[in-house]
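Structure first, commentary second.
Both backbone and side-chain heavy atoms feed into the values below; hydrogens, waters and symmetry mates do not. This is a predicted model, so every value here is computed, not measured.
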Amino acid sequence: MPEQKRDYYEVLGVSKSASDDEIKKAYRKLAKQYHPDLNPNDKTAEAKFKEVNEAYEILSDKDKRARYDQFGHAGVDPNFGAGGAGSGFGGGFGGFDMGDIDLGDIFGSFFGGGFGGSSSGSRRSGPQKGDTLRTSVTISFEEAAFGCDKEITVGRSEECQACHGTGCEPGTTAEICPDCRGTGTVRIQRGGGAFSFTTSTTCPKCGGSGKIIHSPCKSCGGSGAVRRQRKITVHIPAGIDNGQAVSLRGQGGAGRNGGPAGDLIISVSVRPSSVFRRDGTSVYVDQAVTFYQAAMGAELEIPTIDGKVKWTLPEGTQSGTTFRLRGKGIPSVSGRGRGDQFVTVTVQVPRGLNREQKEALRAYAASMGEVEPEEEGLKGFFDKKRKKK
């Protein structure tokens with residue numbers, strides 16, 4: 001039995017009425033807490049990190065969140081919406097997979113007849129999309145900003161080259177199941193007289209596949225697929241942010257019974273920069289300047305993600321002042337423009353002044369009316385403050 005997934009709101013620790021900002025804030029906190037770079041060789045933290053990313057991927061998307069709120073995990077399954085009679089409910093009924101419930105059994109028991117919808121057996125005998133696979137990749141701050149190509153290794157099921165997915169030994173063919181005639185289901189009449197009813201169930205002879213393989217392929221054991229490790233190059237688009245994902249169609253598990261291959265979803269983790277901070281497409285950086293530069297103005301070289309740029313610091317800049325460098329931020333992942341960079345100036349207070357420097361500073365302070373010229377050190381400054389009181 002597959003492991004039961006936790007509620008996505010529970011994973012992020014937010015209520016179902018949480019705003020987008022609350023969900024984003026909760027995600028960032030947990031992603032940082034369980035990030036693989038901060039928890040090396042910690043399998044529990046790694047699993048938590050993947051769980052948090054998966055929850056954020058759904059709840060940060062308006063459409064996916066709406067489907068999840070209505071149908072639960074079934075509503076955000078890649079196969080959501082597939083199926084016959086259940087297609088009006090997104091391939092499920094009340095949040096349940098139609099493959100787990102045979103509507104023929106349910107409706108037949110009430111109305112004394114079969115139900116015309118698809119059942120688990122008929123779905124197994126028809127074309128099925130392959131499994132959706134998930135993996136993760138870690139990139140640098142700069143790689144996230146400008147995009148990059150990364151080679152990843154993925155273990156996946158692929159169509160057996162020996163039998164081309166038929167499951168039969170080359171030169172042989174499968175027999176159509178005589179009991180279900182290839183449908184994968186059989187009808188069974190129960191009861192008698194006025195109390196008789198018919199149910200549909202998986203064909204016991206073929207196991208729901210609709211065919212019987214007398215000579216299974218030696219390469220795949222009759223499954224039609226083999227497990228292989230593949231190296232895949234994935235393009236990470238410029239502007240991608242930590243926790244976002246890239247989807248590669250057709251790079252997941254092999255399809256069954258002629259169905260298409262599944263998808264591969266790569267969650268992206270971005271290593272923090274030692275220089276820059278990011279919020280969306282905006283970049284933030286602190287720039288230290290001397291007292292002289294702040295007072296007199298200066299030509300500075302400011303670090304940006306494009307490299308250093310020359311920038312003029314205005315005279316009289318106060319510590320903590322923030323300036324904007326337009327168009328020097330992160331490119332939009334949609335390809336429409338770039339954000340801005342914000343530079344916060346921090347004035348450094350000099351340390352370890354020698355006697356000559358201290359005298360010069362006292363003279364400056366005196367010229368500004370802060371201390372008397374004839375007084376020693378800062379004593380006069382404090383005396384002056386006391387006199388004013």
message: Rounded at 0.5 Å granularity, tell me how far OG in S223 sits from CD in E159.
response: 11.0 Å
Close side-chain approach of E142 to I305, heavy-atom, < 4.5 Å: no
task: Please report the closest heavy-atom contact between G210 and C206, naming both atoms and the distance.
output: N-SG, 3.2 Å
task: Could you walk me through whether L38 and K32 pass the side chain to side chain contact (heavy atoms under 4.5 Å, CB included) test, one step at a time?
output: CA-CA 8 Å; L38 302 177; K32 183 177 181 181; 4.2 Å; yes
statement: Note: R338 and D306 closest approach over all heavy atoms is NH2-OD2, 2.9 Å
message: Please evaluate residues Q251 and R230 with respect to the criterion side chain to side chain donor-acceptor pair (under 3.5 Å), reporting the C-alpha separation (whole Å), side-chain torsions for both, the decisive distance (0.1 Å), and the verdict.
response: CA-CA 10 Å; Q251 293 293 342; R230 289 291 186 186; over 6 Å; no
- prompt: Just how far is it from atom CZ of R67 to atom NZ of K62, taken to the nearest 0.5 Å?
  reply: 13.5 Å
- prompt: Are the side chains of V137 and I236 in touch, meaning some heavy atoms are under 4.5 Å apart?
  reply: yes
message: How long is the straight-line distance from CD1 of I213 back to SG of C163, given to the nearest 0.5 Å?
response: 8.0 Å
query: Below 4.5 Å, heavy atoms only, C-beta onward: do W311 and L313 meet side chain to side chain?
result: yes
query: Can you find a pair of side-chain heavy atoms, one from N53 and one from Y27, that are under 4.5 Å apart?
result: yes
message: For the NZ atom of K24 and the CG atom of L59, what is their distance to the nearest 0.5 Å?
response: 14.5 Å
- prompt: Is any side-chain heavy atom of K328 closer than 4.5 Å to a side-chain heavy atom of V283?
  reply: no
- prompt: Roughly how far, to the nearest 0.5 Å, is NE2 of H214 from OG1 of T172?
  reply: 9.5 Å
Side-chain heavy-atom pair F323, V345 within 4.5 angstrom cut-off: yes
message: I need the minimum non-hydrogen distance between I330 and G239, along with the two atoms involved.
response: CG2-CA, 3.7 Å
- prompt: Do you know which two heavy atoms are closest between T304 and L325, and how far apart they sit?
  reply: CG2-CD1, 4.3 Å
- prompt: How far apart are the closest heavy atoms of C220 and A225, and which atoms are they?
  reply: CB-O, 3.5 Å
query: Going from NZ on K218 to CD on E169, what distance comes out if it is rounded to the nearest 0.5 angstrom?
result: 3.5 Å
message: Is any side-chain heavy atom of F49 closer than 4.5 Å to one of S136?
response: no
query: Is there side-chain contact between P204 and D179, with heavy atoms separated by less than 4.5 Å?
result: no
- prompt: According to the interplanar angle, ranging from 0 to 90°, do the rings of Y68 and H73 count as parallel (below 30°), tilted (30 to 60°) or perpendicular (above 60°)?
  reply: perpendicular
message: Checking side-chain contact (heavy atoms from CB on, under 4.5 Å) between L248 and each of I265, D263, I232, I152, which is the one that passes?
response: I232
message: Using every non-hydrogen atom in the two residues, find where D286 and R277 come nearest and quote the distance to one decimal.
response: OD2-NH1, 3.5 Å
- request: Take V234 and L264 through the side chain to side chain contact (heavy atoms under 4.5 Å, CB included) test and state the conclusion after the steps.
  value: CA-CA 10 Å; V234 54; L264 174 63; over 6 Å; no
field: Side-chain donor-acceptor pair present, Y9, D69, cut-off under 3.5 Å
entry: yes
